[in-house]
Student: 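Sharing a structure here in structure tokens format.
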Amino acid sequence: MNAGSLFADLILPLPLAGLFTYSIPWELQGEVAIGKRVVVSFGSKKIYSGIVKNIHSNPPEDYEVKDIVACLDEKPIINHLQFSFWDWISDYYQSNLGDVYKAAIPAGLKLESQTKISYRHDFTANGQLSKTEELILNVLKSSKDVNIQTLTQASGLKNVLPQIKKLLEKGAIEVEERVLSSYKEKQIKYVRLHQSINENEIGEKLNSLKRAKKQQEILFSFLNLSKLGIAEVPEKVTAAELLLNSDTTSSILKALVDKQILEIYFESIDRLDLSDAEVNPLKELNQHQAQAIKEIREGFESKNTSLLHGVTSSGKTEIYIHLIKEQIDQGKQVLYLLPEIALTTQIITRLKYVFGNKVGVYHSKFNDAERVEVYNNIQQNNPDKSYQVILGVRSSIFLPFSNLGLIIIDEEHENTYKQFDPAPRYHARDAALFLAHLHKAKTLLGTATPAIETYANCKQGKYALVELMHRYQDIKMPEILLADLKEAKRKKRMKSIFTPELFDEITTALEKNEQVILFQNRRGYAPYLECKSCGWVPHCENCSVSLTYHQYNNQLTCHYCGHSAQPPQSCKQCESTNMVDKGFGTEKIEDELRGFFPQARIARMDLDTTRSKTAYEKLIYKFENHELDILVGTQMVSKGLDFDHVSLVGILNADSMLNFPDFRAHERSYQLMAQVSGRAGRKNKQGKVIIQTHEPKHPIIQSVIRNDYIGMYQTQMSEREEFIYPPFYRLINITLKHKNNGLLTQAANMLAQSLRKTFGIRVFGPQAPVINRIQNYYIVNILLKIEKKSSPAKAKWILNREANNLKAIDRFKMVMVQFDVDPM
Ligand code: ADP
Ligand code: ZN
Ligand code: ZN
């Protein structure tokens, strides 16, 4: 190595630990900088775009460094706050930086191994090419869509990257634009006078077109539209309006361009023309809201985080809007997190009403180009052009903010804030608190039903607590009634899945032209087929779960691996042909309702009906507009939607939630029931809720009826303490996976044993989860419970060491070991 050699440590989009060091060739030394993307080869064939994390002059000792091939960015796309945030996520959630990179950046900004290379037609050789370089160029000249891999095969060379690199340097080839960044900015095509033409030559030019009437017409139109020579600053003219105004075609425009009279140029669209923003004044807060906002501000004086515990429909969103305004006026950015895409639809309208185009939305139903656009927009950080408020779901914590003043986490109790798979398995609420810390920003958590952990943090004085117990305009809380399923069944009064109480109320509501929401818990209620004679149930061949039966297409589907099959004609066990469908999914409920209430307009909102980007919007819009009478839904209908004509909410079966085997089952049941109930009776009148249950005396159901959050909280806290669960203990779940169950068991036992040497009785398992095989991989879990006061960093270090020791054993090399810190 020469003196003056520079090296860059890169984050590569790979599930591998650590950074990767490459050398920076001298010609790229001015370009490569921290936070930019560079192209490198990895292994013999793959090439990737890595992110430069450090630059230094220490050559790595244990391996030979490769050169960086190219630099992709003019400016860094990751700022230093993001790097700190990524480090924290990687460290706290025990995942590789490469996984964080993958989760954080829209795919359009990631260059993967299938990179396309193309020949540059403006290249002239000057006889300086080697034989292999010529060979490569010939392949590229004669074919389209060549990537590194196909090029390697076609050229018969072992490693084409060095040649590619040289050819790149010589300007003979280019890494195709759409791969470098598979996203192209939206551009507008404009027309102007050709550079070579002077304004006072225009008359002459017009004359020269006497025989080309159409071309003359275009030129006239152009002069009219641009007000050239009349206006002090001529107007910009787009090609589209020019063609429209002169009633001609683009081929005629092209003729003028070819004659060098006009010329075409492009400009990126400024989607954010803030001058046009339709901005309305804020709504005045009522006395309760005013009191709450005052307390929030006071809380922020001494604490970084506040919880706004406000009953449903108390006007929390209006309070957020006031706080956002303050931040924007100070030139700060605001991140407004929501747990569910469905909710963005309603809130965005309310935010745009006040903040116009300063609000941007970010979620996974956007296509990649749109996500890149939002990313770049925030990246610019130009107060006149960039979004100042981002409304988004959990992944928006990774956007390139540089100046956050406030993070709002609405419905903070929702478990959709937690990323399950793949790694990093982060909780967006908890991560957002760290993000706020990095920006020296404040965080406001809001909900009617706080997470136990959050409320406990308030009680310990870590967060400020602000309560808002009045609904806006003092609309009454809904009346909650119980319907006893056991009794109705005993007296044979059930109408299919409906108790007489719920059935009658639905009938009444429909008669009065009021709307109804029916809620069915997602878990445990997927419909399945069962043999009536022997009880056999069709299962997935790859996973240990029963297949879900979909009536609309008469298919059995596995919700874990996607495997689908025709329903069997007869039972595989006893050959009886009497197969019946069991369980009540939302689809079945919808069907039953159609039978009972043929006049009613019914729709269903669940994962199946909301796959497309606009499906939510359409459903919500229709329901808001009263084009639907009954909405049947899963968890999705519970989350903060705000409808005006819903007088009745029915919870079809409370027991399935209560009996779910999870230490959070009771907390979640309370939250779900309270939240769904909150959808009843908004603006004009008190609503009604009917909960169907086999256990009307269950303490959780009783606290829902009494709207007694505190009572529920206290009971939960004493149970959590007794059974050593959060918030008293920190949980880390270790999941092991392998195709061979025997080997997996051995590995898990060994890991558990080694962990017990340090953690003793705080290690639980190994045990197989309810679903112990997915996509042919067997699964076991080991649960670690760590005291809150002991160092989580140390525990994680030991955990990593033991996992690495296990994987160092040859026969366990292929066992997958995953960590889930603070599992939900
Ligand atoms: P939450 O977020 O607590 O469920 P919202 O902010 O959605 O409550 O308020 C419930 C309803 O009351 C909404 O329709 C909202 O527009 C209305 N509202 C709340 N506060 C005000 C206010 N200060 N002025 C006018 N309308 C309000
Ligand atoms: Zn059978
Ligand atoms: Zn499956």
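Every value quoted in this text rests on a predicted model; they were computed, and no experiment measured them. The analysis underlying the following values was restricted to heavy atoms, covering all of them including side chains, and did not include hydrogens, waters or symmetry mates. Counting starts at 1 for both ligands and their atoms, in listed order.
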Student: Evaluating non-hydrogen atoms only, which member of G310, G315, A290 is closest to atom 9 (O) of ligand 1?
Tutor: G315

Student: Please determine which of R425, K418, R730 meets the salt bridge (charged side-chain N to carboxylate O under 4.0 Å, His left out) test together with D820.
Tutor: K418

Student: Is it the case that ligand 1 has an N or O less than 3.5 angstrom from some N or O of T312?
Tutor: no

Student: Heavy-atom distances under 4.0 Å decide this one: backbone, side chain, both or neither, for Q289 against ligand 1?
Tutor: side chain

Student: Should R720 and E667 count as an ion pair when the cut-off is N to O under 4.0 Å?
Tutor: yes

Student: With a cut-off of 6.0 Å (strictly less than), are more than 12 heavy atoms of other residues, nucleotides or ligands near CD of Q460?
Tutor: yes

Student: Assess whether atom NZ of K588 is packed by more than 12 heavy atoms of other residues, nucleotides or ligands within 6.0 Å.
Tutor: yes

Student: Between E453 and R664, is there a side-chain N and carboxylate O pair less than 4.0 Å apart?
Tutor: yes

Student: Taking 4.0 angstrom as the limit and counting only heavy atoms of E284, give me the atoms of ligand 1 inside it, by number and element.
Tutor: 22 (C), 23 (N), 24 (N)

Student: Below 4.0 angstrom from a heavy atom of S314, which ligand 1 atoms are there? Numbered from 1 as shown, please.
Tutor: 1 (P), 3 (O), 8 (O)

Student: Relative to atom 19 (C) of ligand 1, which among R679, E318, K316 owns the nearest non-hydrogen atom?
Tutor: E318

Student: Within ligand 1, which atoms have a heavy atom of L285 less than 4.0 Å away?
Tutor: 23 (N)

Student: Name the one of E414, H363, Q419 that satisfies side chain to side chain donor-acceptor pair (under 3.5 Å) with R394?
Tutor: Q419

Student: Give the atoms of ligand 1, by number and element, whose distance to some non-hydrogen atom of R350 is under 4.0 Å.
Tutor: 5 (P), 6 (O), 7 (O), 15 (C), 16 (O)

Student: Show the atoms of ligand 1 that are less than 4.0 angstrom away from any heavy atom in T317.
Tutor: 2 (O), 5 (P), 6 (O), 7 (O)

Student: At under 4.0 Å between heavy atoms, is it the side chain or the backbone of K283 that contacts ligand 1, or both, or neither?
Tutor: side chain

Student: Taking the minimum heavy-atom distance to atom 27 (C) of ligand 1, which of Y472, Y353, Y320 ranks first?
Tutor: Y472

Student: Please check if the number of heavy atoms outside Y621 that lie under 6.0 Å from its OH is greater than 12.
Tutor: no

